[in-house]
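Structure first, then comments.
Everything numeric in this text was worked out from a predicted model, so none of it was measured. Just so it is clear: chains get the letters A, B, ... in the order the sequence lines come, proteins before strands, and each one is counted from 1.
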Amino acid sequence: MPIDLEKLNPEQQSGALYEGGPLLVLAGAGTGKTRVITYRIARLIEAGVPAERILAVTFTNKAAEEMRRRIEELCTGKGALVWAHTFHAFAVRVLRRHHELLKLPKHFTIYDQSDQKKLVTEAMKELGLEDQTNKAAMYVSIISRAKDDLLDAQSYAIYAATAVDSARQTASRIYTLYQKKLENAGALDFGDLLLKLCLLLKEHEQVRTYYQEYFLHLLVDEYQDTNHAQYILTKTLAAKHRNICVVGDDDQSVYSWRGANIRNILEFERDFKDAKVVTLEQNYRSTPLILEAAHKVIRNNKSRKVKKLWTEKTGGDSVQVVELPNEAEEASWVVRRIAILVEDGRSLKETAIFYRTNAQSRSFEEALRRAGLPYRIVGAVRFYDRKEVKDALAYARVILNPADSVSLGRILNIPPRGIGKTSLERLELYAAANGLTLWDTFCRQDQVPQLTASCRKHIDDLTALIRKLNSAAVELSAAGAIARILEDSGYWAWLTAETETDPEAVGRLNNLQELLNAVKEYEEKIKLAGEFIDLGRYLEQVSLQSDLDAYDPTQPCVTLMTVHLAKGLEYPAVFLTGLEEGLFPIGANNSSPEDLEEERRLAYVGITRAKELLYMTHAATRRTFGQVYANLPSRFILEAQLSLHSAPPSKQTFGVSAPAARPAHVVSYRVGQRVRHPSFGAGRVLELSGSGETAKVKVQFDDGRLTKLIVRYAPLEPA
DNA sequence: TTTTGATAACTTTTT
DNA sequence: GTTATCAAAA
C-alpha cells in the first residue's frame, strides 16, 4: 500500500519528500515533526532503500521506540529493521561490534554518574586531594563536559597546560587518573560511549568507510540538543552520501549544561551550504491563547531563528496566572483545581504538574496524597537508582566483568560477610602497588599481607561464588541469572532476615521482586522478535534506561515531572508551577544572558506542552534548605503579559489548604499501639520522638508504607 | 567489624 | 528537609 501523504500539510510533505541532500527541518513545538521523520523514512523504504541502511538517532529511548512503532505502522515488518536508536544505544551497538579494536572487553561495563563519582573520589584520594572530595561531583561534570567536547585526557592536559589557573591543571590530573581507572575496570562512562565511537571512526579508516557507505540515509531528531561529539559523529557518518536530515527547534534547546551546542542547529546551513530548509509553523496542539503566551515569552530571546507558531483552532480558555502565599498553598490550589477539572469530566491522565527542580515535587505529592488523588512522579528517584536494585545489578556486572572494581567494591560486603573497611584498604593498597585490579588481588589473596585468616576465607568464598555464577549465567536468561544471583549470594535471605528489625526492608524486597518482573517482562517483549535476552544484553539495555522510558501516559493519574522531562510530551491541562525569580529562571542574580535565554526556552517548552488549559502559579514565599525566601514573580509571567490578578477560578479554595492545627487534647501514643489514619489506613506505632507540640510518631502502616507524622497535625487516632 | 547516630552538603535540569 | 558520609559505640 503506497504511503498516503494526504495527511501531511505542504511543508510537512516537502520535509518528507525532499531528496536533494542535506535537509534542515525547523519544527516548532507541536508542528508534527515526528510525523515528518516517520513519513520520510517510510517513503524511503517504499522507494527501495533497505530499511536496515537507514539510521535515525534520537535522545530518548522512548522517542526511538515511538519512531520504530510508527514506521512499523506505515511499513509492516520494517520498523524493527531501521536503526532507530538513541545516540548512546547506537554507540554501544557499534562499540560492542568492534570492541577488540579499542582494546575493550566484550562485556564492558557502562558507568553512570554515581559510579563516576566514586571513581573520581578514588582518584582524588590517590592524588592527595582527599580534603576536596566534596568537589568530586564538580570534577565529574568537568570531565563529562570535556568528553562531550571530544577532549580526551591527553588533549585536556594540553589544554590545561595553557591555562593560567591551577584548577584546570588539577582537573586534568584527576581526569588522567580517572580515565586510567576506567580502563582498568573495563568500563566506559556515558561520555566515553560517544568519544570512543568518534575515536574508532577517526582512527580506523576501514570502519569509518564501512559505516559511511552503509548508511544511505541519516536522520537526527532534536538536533538542537546535540553536543560537539554528536555533531562530529553525524557529520562523519553523513560525509559520503550527504543524505542527512536534521530536525529540531532552536527554541527548545534546553540541554546546554550537558554540552549541547545550540550553534549546531543555528549554523547547519553554514555547514551544509546547499542545505534545504523547511520550517514548520502550523501547530496542531494548543489553543491560540496558549500559543500567544508562548510567543510573547520566547520573542524576548536574541539568538533564535525567527518564526511564529499559528493554529487553525479558535477559542479556548484564557491562560490563568495565580499567586499563592507559599509552596504548600500553591500545591493545595493546584490539587483543588485538578479536583474541579475531574468533577467537570476530565480524566486525571489529562493533567500534568511541571516544576523547575525535583525538590518542588514534595509539596504536590503531599497535597495529592491528602486529597486521595492518584499521581505519578516521573524521574525523581529512578527505580534503577535504588540501593537494592543497584546492588543486584552490581552483582550482575561483576559476574560479567570482574574487573569492574566499582561494582565489586559495592557488593563485596553486602550481605555482610566479614570483609570490612580495613581489609578492603589492604587489598586496594596491594592492587595499586602491583598494578592489579581488585578482582586480581582477590584471586591471589594469599600474597596480600596482613589479612586475617577469616577474611581470607571469606574472600575465597566470594571469588568461588562469582566464578560459579559466571558459568551459570551463560545458560540462563537475564531474569534467571538475576534470580540465581539473589539466591546464591544470600542477598534474599539476608534482606528477608532484615525485615525483622528494619521495616523498610519489606519495601526493598518488593523492589527486587519488581526488578525481576521488569526483567521478565522485557524478555517476553523481545522474545516476540525472536531474540534471547541474556544477562549481558539486559545490562546494556538497563544502563541506558531512564525513568521516562517506563512512563505510561495512559495510566489514570496526575503526572508530575520537571520541565526538562516534559519536552516532547503534551497534556490537555498543564500546571506550570514555581514561576519565581531565582527558581524559574533559576539562579537569576549571577547568571549570564545565555543562561537566561535557556531558562526562557525552558519556560517556552513548558507552556507549549498545554493543549487546552494552562495555569501558571507562583508562590510569594518558599522554603528552600529549611529557610523561607520571599520571591518576586518570574519575569516570564510578566513577559507573557497575563494579568497576575486574574480571578482565581474558585474563591473558596483559599484558606482551606493548610492543615488546621488540631485542638489541644494531645493524644499520646506508645510503641506498638495500633492506630488509624484516614488516607493511610491502619498501622502500628514504631517509635516516638519529640514532645509536646513537636511530638512525632513513626508509623508502619499495614500496606507497607512507613511514615513519620507530627502528632499535633496528623489526623491520626488510636484504633 | 558492624551498627548507630550526628553532621555536612546539597539542588537545576540527565542520556 | 533530606541524603551521603564520617565518627563513635556495641
Side-chain angles (χ1 to χ4, degrees), chain A residues 57-64 85-92 110-114 116-118 121 130 133-138 140-141 144-145 147-148 189-194 221-222 225-227 229-230 253-260 327 354-363 366 378-382 384-385 387 413-425 452 454-455 458 498 501-502 542-549 561-567 578 582-588 591 595 598-599 601-603 605-606 622-628 689 708:
Chain A
V57 276
T58 62
F59 276 85
T60 66
N61 296 301
K62 203 177 164 63
H85 291 298
T86 63
F87 272 104
H88 292 86
F90 171 68
V92 170
I110 299 166
Y111 275 179
D112 65 14
Q113 60 272 57
S114 79
Q116 290 187 54
K117 201 174 157 195
K118 269 202 189 111
T121 309
E130 51 268 273
T133 49
N134 56 346
K135 287 191 189 153
M138 180 189 87
V140 168
S141 78
S144 302
R145 285 296 293 276
K147 289 182 176 182
D148 290 340
D189 61 22
F190 282 125
D192 273 342
L193 294 175
L194 299 168
D221 192 14
E222 307 274 17
D225 287 331
T226 49
N227 62 32
Q230 289 157 336
S253 166
V254 292
Y255 283 104
S256 75
W257 49 274
R258 223 173 63 192
E327 78 275 4
F354 300 151
Y355 34 77
R356 180 64 180 82
T357 69
N358 276 313
Q360 289 164 255
S361 70
R362 173 157 307 115
S363 44
E366 279 169 10
V378 183
V381 194
R382 286 172 67 228
Y384 296 100
D385 280 342
K387 187 178 171 302
N413 209 24
I414 299 180
R417 49 168 75 87
I419 311 172
K421 212 171 97 187
T422 359
S423 309
L424 179 60
E425 263 167 26
T452 62
S454 79
C455 177
H458 291 131
E498 285 283 290
T501 52
D502 180 2
V542 88
S543 351
L544 300 175
Q545 184 104 39
S546 78
D547 202 42
L548 187 63
D549 301 327
M561 61 173 84
T562 62
V563 192
H564 277 91
L565 276 184
K567 189 154 71 93
L583 182 64
F584 198 175
I586 206 159
S591 58
D595 290 341
E598 177 141 325
E599 291 295 309
R601 290 193 291 268
L602 196 55
V605 166
R622 182 176 295 273
R623 184 177 285 271
T624 319
F625 284 108
Q627 277 231 303
V628 178
S689 53
K708 211 166 189 178

Response to the item:
When Glu599(A) and Ile419(A) are each assigned the nearest nucleotide of DNA chain B, the 5'-most assignment goes to Ile419(A)
Item to complete: Describe the nucleic acid contact of Phe59(A) in one word from base, sugar-phosphate, nothing, applying a heavy-atom distance below 4.0 Å.
Response: sugar-phosphate
Discussion item. Donor-acceptor pair, distance only, cut-off 3.5 Å: does the side chain of His564(A) make one with the backbone of Val254(A)?
Written reply: yes
Discussion item. For Watson-Crick and G-U wobble pairs within 3.5 Å on both distances, what is DNA chain B written in dot-bracket notation, | included for inter-strand pairing?
Written reply: ||||||||||.....
Discussion item. Any side-chain N or O of Thr624(A) below 4.0 angstrom from OP1/OP2 of dT11(B)?
Written reply: no
Worksheet item: Would you call Asp148(A)-Arg258(A) a salt bridge at under 4.0 Å N-O?
Response: no
Worksheet, complete the sentence: Atom CG of Leu583(A) and atom P of dT13(B) are separated, to the nearest Å, by 11 Å
Worksheet, complete the sentence: Closest of dT15(B), dG1(C), dT2(B) to the Pro416(A) side chain is dT2(B)
Worksheet item: Are side-chain N/O atoms of Ser363(A) and Glu327(A) paired as donor and acceptor at under 3.5 Å?
Response: no
Worksheet item: Is the phosphate of dT1(B), meaning OP1 or OP2, less than 4.0 Å from a side-chain N or O of Asn413(A)?
Response: no
Discussion item. Can you confirm whether Tyr355(A) sits close enough to Thr562(A) that some side-chain heavy atom of one is under 4.5 Å from a side-chain heavy atom of the other?
Written reply: yes
Worksheet entry | Protein-nucleotide distance (Lys117(A), atom NZ; dT3(C), atom C1'), rounded to Å | 10 Å
Worksheet item: Looking at the side chain of Ser423(A), which of dT13(B), dT14(B), dT1(B) is the nearest nucleotide?
Response: dT1(B)
Fill in: Residue whose closest nucleotide on DNA chain B lies nearer the 5' end, Tyr255(A) versus Ala359(A)
Ala359(A)
Practice prompt. May I ask you to check whether over 12 heavy atoms, not counting those of Lys62(A), lie within 6.0 Å of atom NZ?
Written response: yes
Response to the item:
Separation of dT14(B) atom P from Leu194(A) atom CG, nearest Å, is 18 Å
Worksheet item: Rounded to the Å, how far apart are Asn227(A) CG and dT14(B) C1'?
Response: 13 Å
Worksheet item: Is the phosphate of dT14(B), meaning OP1 or OP2, less than 4.0 Å from a side-chain N or O of Thr562(A)?
Response: yes
Fill in: Main-chain N/O of Ser256(A) paired with Glu598(A) side-chain donor or acceptor, under 3.5 Å
yes
Discussion item. Any side-chain N or O of Asn358(A) below 4.0 angstrom from OP1/OP2 of dT13(B)?
Written reply: yes
Worksheet entry | Pairwise P distance, dT13(B) and dA4(C) [rounded to whole Å] | 14 Å
Worksheet item: Which whole-number value in Å describes the distance from Lys147(A) NZ to dT15(B) C1'?
Response: 15 Å
Worksheet item: How long is the line joining CZ of Arg362(A) and P of dT11(B), in whole Å?
Response: 15 Å
Worksheet item: Would you say Asp189(A)'s side chain and Ser144(A)'s backbone share a donor-acceptor pair under 3.5 angstrom?
Response: no
Worksheet item: Heavy-atom distance under 4.5 Å between the side chains of Glu222(A) and Tyr255(A), does that happen here?
Response: no
Worksheet item: Checking all strands, does Arg623(A) fall into the base, sugar-phosphate, or nothing category for heavy-atom contacts under 4.0 angstrom?
Response: nothing
Worksheet item: Whole-Å distance between dT15(B) P and His88(A) NE2?
Response: 10 Å
Worksheet item: Rounded to the nearest Å, what distance is computed from the OH atom of residue Tyr355(A) to the P atom of nucleotide dT11(B)?
Response: 17 Å
